[in-house]
Amino acid sequence: MSKALVTGASYGIGADIARALARRGHDLVLAARSGETVDRLAAGLESEHGITVRTLHADLAAEADMERVAEAVCDADILVNNAGAGLGMSFERTAWTQEQRMLMLNVVAPARLLHAALPGMLLRGSGRILNVSSVAATGPVWQGTTYGASKSFGLALTESLAYSRRLRASPVALTALVLGHTTSRFHEAAGIAPSPPLLTLASEYVAERAVRAIHQRRPPVVCVPSLRYKLIAGLLQHLPRRLLTLPGLADDFTTVACGDVDPGAGMSASAGGDGEHGVLAAEARGHGERQL
Ligand SMILES: NC(=O)c1ccc[n+]([C@@H]2O[C@H](COP(=O)([O-])OP(=O)(O)OC[C@H]3O[C@@H](n4cnc5c(N)ncnc54)[C@H](OP(=O)(O)O)[C@@H]3O)[C@@H](O)[C@H]2O)c1
């Protein structure tokens with residue numbers, strides 16, 4: 001039986017990825033800030049699937065917690081870098097602490113965990129890494145914010161490592177999961193409007209597709225679990241950028257209502273865990289904005 005570590009496993013896509021891994025009999029380590037929620041999920045998966053599930057209550061935007069999770073990933077056979085959050089506000093309006101936390105969570109923590117997991121996997125000659133990215137990594141979606149840039153990092157790092165000579169010669173495989181709008185707490189937490197139903201994917205569906213992909217003998221380097229989003233990602237990658245200045249073009253899809261968000265919205269558990277994290281950061285309070 002192999003061990004999989006999933007970050008951001010308390011809600012949404014991460015919780016569904018944990019369920020899909022449990023169905024395949026993997027022992028799990030589930031990391032998130034919402035301690036009670038992730039403990040409840042762990043207990044349910046243990047009794048339903050007869051696996052061992054350990055939980056780590058950790059804020060991945062905080063260095064000490066990140067290091068605790070990095071320690072736990074050293075002997076993992078599967079790493080799922082899923083924890084992430086967006087900021088539905090324009091760059092010039094955010095507090096720097098908010099940007100810093102988002103970059104720690106979306107950029108530094110996945111890189112740190114990958115750095116901790118990879119040597120052991122290469123030594124043992126087996127391992128799978130799934131980095132949850134976004135269609136926002138493929139073009140200027142969420143214009144005026146740093147979210148897309150933060151998700152581009154995981155996509156670029158995955159491709160850079162996966163196509164390296166060292167990794168190509170090894171059975172260890174990396175996959176970037178490029179997602180479009182998916183049902184979860186994500187949009188509420190970021191303070192942005194959800195997409196129309198036609199553009200919304202079910203979290204259970206994308207989780208199952210992603211877990212299936214990493215169980216293939218040769219997993220894809222990039223997995224886009226929807227034809228619609230394959231087309232959208234392809235279009236975004238190749239769209240002449242001057243078209244983005246045409247009035248009304250793709251406004252609904254590519255532009256976050258920067259600055260129009262309700263500063264009080266999105267302060268739910270998904271934005272801050274069960275306990276002390278569900279409060280405004282001191283600096284953010286001055287800006288009337290949310291903490292990640
Ligand atoms: N939903 C979408 O439309 C969409 C589209 C593209 C990409 N994605 C990506 O999918 C991933 C999962 O998001 P989701 O849609 O499932 O959103 P979600 O429902 O808000 O779940 C986010 C998960 O990340 C955890 N998390 C947030 N901040 C954290 C922190 N500081 N430390 C540790 N864990 C933290 C949350 O747990 P706690 O609050 O308990 O810590 C939660 O388990 C993210 O990387 C996101 O960027 C989502």
Side-chain angles (χ1 to χ4, degrees), residues 6-18 30-41 55-66 68-69 80-88 98 100-110 112-113 130-138 141-142 145-155 176-195 199-207 210 223-226 229 232-233 253 256 266-278 281 290-292:
V6 184
T7 66
S10 50
Y11 300 107
I13 298 157
D16 283 321
I17 287 177
L30 306 180
R33 292 169 303 174
S34 305
E36 284 172 26
T37 309
V38 81
D39 287 349
R40 223 175 10 252
L41 175 65
T55 59
L56 289 173
H57 304 170
D59 178 357
L60 283 167
E63 188 113 26
D65 282 11
M66 191 190 297
R68 272 197 301 125
V69 182
V80 180
N81 268 323
N82 163 78
L87 261 176
Q98 292 174 294
Q100 227 172 358
R101 279 185 60 80
M102 190 181 74
L103 295 174
M104 285 289 276
L105 179 63
N106 292 358
V107 175
V108 180
R112 175 67 187 102
L113 300 189
L130 181 70
N131 290 321
V132 179
S133 183
S134 166
V135 78
T138 64
V141 180
W142 287 52
T145 78
T146 39
Y147 176 71
S150 78
K151 298 310 274 189
S152 297
F153 177 83
L155 178 57
L177 179 64
V178 174
L179 293 178
H181 282 247
T182 304
T183 51
S184 72
R185 298 177 159 217
F186 180 84
H187 298 94
E188 189 198 337
I192 62 164
S195 286
L199 283 176
T200 304
L201 306 169
S203 165
E204 299 84 351
Y205 169 79
V206 300
C223 170
V224 190
S226 143
Y229 279 106
I232 289 169
F253 186 67
V256 173
M267 298 305 298
S268 61
S270 64
D274 288 340
E276 74 272 26
H277 302 294
R290 75 203 72 248
Q291 184 192 27
L292 285 170

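Just so you know, ligand 1 is whichever comes first in the structure, and atom 1 is the first atom listed for that ligand.
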Do any nitrogen or oxygen atoms of [X] come within less than 3.5 Å of a nitrogen or oxygen of ligand 1?
| X | value |
| --- | --- |
| Leu60 | yes |
| Gly8 | yes |
| Ile13 | yes |
| Lys151 | yes |

Donor + acceptor pair across side chains of Tyr11, Ser184 (<3.5 Å): no
Test item: side-chain donor near acceptor, Thr7 and Asn82, under 3.5 Å: no
Can [X] be said to touch ligand 1, with heavy atoms closer than 4.0 Å?
| X | result |
| --- | --- |
| Ala189 | no |
| Ala31 | no |
| Gly180 | yes |
| Glu188 | no |
| Met104 | no |

For atom 1 (N) of ligand 1, the option (of Thr183, Thr182, Asn131) bearing the nearest heavy atom: Thr182
Shortest heavy-atom approach to atom 13 (O) of ligand 1 - which of Tyr147, Phe186, Tyr229: Phe186
Which ligand 1 atoms, with their elements, are less than 4.0 angstrom from a heavy-atom of [X]?
| X | answer |
| --- | --- |
| Ala9 | 43 (O) |
| Val132 | 9 (C), 10 (O), 11 (C) |
| Gly12 | 16 (O), 19 (O) |
| Arg101 | 31 (N) |
| Ser10 | 36 (C), 37 (O), 38 (P), 40 (O), 42 (C), 43 (O) |
| His181 | 3 (O) |
| Asn82 | 11 (C), 12 (C), 44 (C), 45 (O) |
| Ser133 | 6 (C), 7 (C) |

Per-residue contact class, Leu105 against ligand 1 - non-hydrogen pairs under 4.0 Å: side chain
Region of Ser203 engaging ligand 1 - heavy atom pairs below 4.0 Å: neither
Please confirm whether the backbone N or O of [Y] pairs with a side-chain atom of [X], one donor and one acceptor, at under 3.5 Å?
| X | Y | result |
| --- | --- | --- |
| Ser226 | Tyr229 | yes |
| Ser133 | Lys151 | yes |
| Thr182 | Gly180 | yes |

Note, Asn81 side chain near Val132 side chain (heavy atom, < 4.5 Å): no
Find the distance between [atom1] ([X]) and [atom2] ([Y]) and round it off to the nearest 0.5 Å.
| X | Y | atom1 | atom2 | result |
| --- | --- | --- | --- | --- |
| Ile13 | Phe186 | CD1 | CZ | 8.5 Å |
| Thr55 | Leu30 | OG1 | CG | 7.0 Å |
| Arg101 | Asp59 | CZ | CG | 4.5 Å |
| Cys223 | Leu177 | SG | CG | 5.5 Å |

His181 and His187 aromatic ring geometry - parallel, tilted or perpendicular at 30°/60° bounds: parallel
Smallest separation among heavy atoms of Leu60 and Ala83, with atom names: CD1-CB, 3.9 Å
Residues Asp65 and Arg33 bridged, charged N to O under 4.0 Å: no
